[in-house]
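Nothing here was measured: the structure is a model prediction, and the numbers come from that model.
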Amino acid sequence: MEIIPAIESILFVAESPVPLAELSQVLEVPPGEVTQALADLGERLSQTGSGLVLREAGGGWRLYTRPDLHPFLERYAATPSASKLSRAALEALAVVAYRQPVSRGQVSEIRGVDSEQALRTLERRTLIDVVGHAAGPGQALLYGTSDTFLEKLGLRSLEELPPLADHVPPPEIVETLERPFRPEDPSSDSKS
Amino acid sequence: MEIIPAIESILFVAESPVPLAELSQVLEVPPGEVTQALADLGERLSQTGSGLVLREAGGGWRLYTRPDLHPFLERYAATPSASKLSRAALEALAVVAYRQPVSRGQVSEIRGVDSEQALRTLERRTLIDVVGHAAGPGQALLYGTSDTFLEKLGLRSLEELPPLADHVPPPEIVETLERPFRPEDPSSDSKS
Amino acid sequence: MSFEVKSPVFEGPLDLLLQLITSHRLTVTDLRLSDLVAEYLGYLETMQQLDLEVTSEFLVIAATLVQLKARSLLPDNTEIDLDEDLLLSEERDRLLSRLLANLTFKDVAAVFAARLESTSLLLPRLSGFDFEMDPPAVDVRIPTDAGGLAEVAERVLLRSQETPDLDHLDLELPSVSDAIADLRRRIDAEIETDFARLTEHLDRPLEVVAYFLAILELARWGLVEARQDNIDAAITLRSTGQSAGDLVSEWDALEQT
């Protein structure tokens, strides 16, 4: 009977409402049982005085914070730990600031790690915006910095960003990195 | 008695571990009561078979999915697992953890091999961070571990790192190491 | 000299020395320096580059070992230069303490690896505030100023330009079987997806290669349909909906050896 906690954990990490069919598929359990388990989960949350509620919305199921607790969350939003950007987000912000417009793939490539989460955080905090789409098959979203970004750094315009040192590779070189995981640099791979 | 669900809702939305002091400040409740409420919350989660667990690590408290449910979350496509750290990166991380602030040269010296790649990997994963510059002509960058490191290792603070002495090889191994260097070793006297 | 890739591959002279000692292949009196040199040169070949720092360190270690060996071969009544002897024993002690420190940190690394492995099963929630109507205005704090941001950008951009990561040299090759298992789960769940999306979480080119081999295998079994309209297009993948039963990949057997 591990379906209920399994559903709870999936809804906890999910970025958006999860459709019943998807839960059923992931758990390999018929939709009817999932529906029952969802009802049990909702029941448990309300009976044990949890701070979370389960709701069906937007074509799926999702966990939310209890609306009557939102005043606490408003106050939490103002604390240092809630407002501070993580190191990963700061790196992504620096890349977007100096290489905009730039796609998620490019940011990930430059940083050397997947940067989806970091960009999502920056977007949520309105430091970056989607400013266009890349040409080409994928039409990847392109990000740029926002007015909030300028305001927070006390800049009037992007031209006021301090110039990077001369030894930093210019964007043209970075462009060639766009295709993920190209074969290694020919200069270092002469032996194979 | 709404402290427990209030804490639960804050930890639900938090993007990093929340320090006890901040919870106390947001809830306007003395730290002692918050500690009690955290204990009660952890207790309720485990007793009601929740899919979530409460942990203290990396300077604060945070909710996580239960480890045994990880297979379900892997199947739920949103959670690709990060690739494991290489042995080189792990060893460099060990040196940084116990010798911080430490320069690349010092890490390389201790490991007996150049550690630039390893340190770069650790920086990408935000497990280490540049924490300063060495005095002196080169002004080498100095590395230290990050809050992410503490959280990922399940440590409250660096003081919780076990003493390095616990990791020194046992006498038998030291003996083995010394043997080749002892010309007067009786075992090698009998050689010819 | 052969190019065989050994597992575990040693890292540098200190590590090599440790491995030789702990595998009982080395005592100073019967030390065959040629072995040490051969192994080390093999190591350099796999690195495909000559790291001067490491090489000079290797020479220091080798010289110390040779001196120790010479000393041990002298009859006991030979007159010895005491200063030289003292220097030699200092050098020996230094080498020993470095070996000890090295082993100590290897032990720490093993503990870290185990801890990281266990906490990797714990997933935090990352989607932030969940208000549907009116999320609170989080007062974002950029923890640096414009100059600091430029420094971060410089570090990240320089890092991106540097030589390819050689980390794979000290790791076993990524497992194709694991990639197959991962892909089967995810392609099933996502119904239709593409190769870039399935591999975007990977750090290393070799891992991507493993995933590519895995896709070929899955296509061969008829579990996955792969399509690419032209050479620049994304490789789209869809599950054929066929159940695989207990198909066993040849990779399983291959990778177990």
Side-chain angles (χ1 to χ4, degrees), chain A residues 9 12-15 22 25-26 57 64-65 70 73-74 77-78 80 82-85 90-91 93-95 97-98 105 108-114 116-117 121 124-127 136-138 148 152-155 160-165 167-169 173-174 177 180-181 183-185 188 191, chain C residues 45 48-49 123-161 163-166 185 188-189 191 194-197 199-209 229-230 232-234:
Chain A
S9 68
F12 177 77
V13 300
E15 299 275 348
E22 191 172 359
Q25 190 177 20
V26 170
Y64 294 89
T65 48
H70 288 182
L73 299 184
E74 304 260 8
S83 55
K84 190 184 167 198
L85 283 185
L90 181 65
E91 280 193 12
L93 182 62
V95 173
Y98 281 92
S108 299
E109 181 74 24
I110 292 170
R111 286 190 58 224
V113 285
D114 181 45
E116 179 174 4
Q117 199 59 53
T121 300
R124 237 180 358 243
R125 306 216 165 155
T126 68
L127 290 170
T148 311
K152 293 275 171 194
L153 283 182
L155 304 173
E160 286 190 0
L161 274 177
L164 298 182
H167 53 284
V168 171
I173 293 183
V174 175
L177 297 177
F181 305 115
E184 288 173 4
D185 190 346
S188 64
K191 275 273 170 73
Chain C
E45 292 280 3
Q48 302 206 352
Q49 66 177 46
L123 301 180
R125 185 174 174 277
L126 296 166
S127 23
F129 288 92
D130 65 329
F131 296 11
E132 296 150 289
M133 311 310 269
D134 200 11
V138 178
D139 184 28
V140 198
R141 191 161 49 90
I142 301 174
T144 184
D145 57 10
L149 192 76
E151 268 176 45
V152 172
E154 281 174 13
R155 280 197 66 67
V156 174
L157 292 168
L158 284 171
R159 208 170 63 192
S160 76
Q161 182 206 30
T163 48
D165 206 326
L166 293 171
R185 279 196 304 267
D188 277 350
I191 300 154
D194 66 66
F195 187 65
R197 184 173 151 75
T199 53
E200 68 190 358
H201 65 290
L202 302 174
D203 287 346
R204 301 180 296 142
L206 270 179
E207 292 175 313
V208 179
V209 170
D229 292 336
N230 62 62
D232 292 324

Counting heavy-atom pairs under 4.5 Å to chain C, which of A/Val95, A/Leu161, A/Leu127 comes out on top?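 The residue among A/Val95, A/Leu161, A/Leu127 with the greatest pair count is A/Leu127.
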Using non-hydrogen atoms and a 4.5 Å limit, figure out which bit of [X] sits close to chain C: side chain, backbone, both or neither.
X        : value
A/Leu90  : both
A/Arg124 : side chain
A/Pro80  : both
A/Gln117 : side chain
A/Glu160 : neither
A/Ala97  : side chain

Between atom [atom1] of [X] and atom [atom2] of [Y], what is the distance when rounded to the nearest 0.5 Å?
X        : Y        : atom1 : atom2 : value
A/Glu109 : A/Asp114 : CD    : CG    : 11.5 Å
A/Lys152 : A/Leu85  : NZ    : CG    : 9.5 Å
A/Thr148 : C/Ile142 : OG1   : CD1   : 9.0 Å
A/Tyr98  : A/Leu164 : OH    : CG    : 5.0 Å

How would you list, by chain and number, every residue that makes a salt bridge (Lys or Arg N to Asp or Glu O under 4.0 Å) with C/Arg141, sequence neighbours excluded? none
For A/Phe12, check ring-ring contact (aromatic ring centres under 6.0 Å, His included) against everything at least two apart and list the hits. B/Phe12
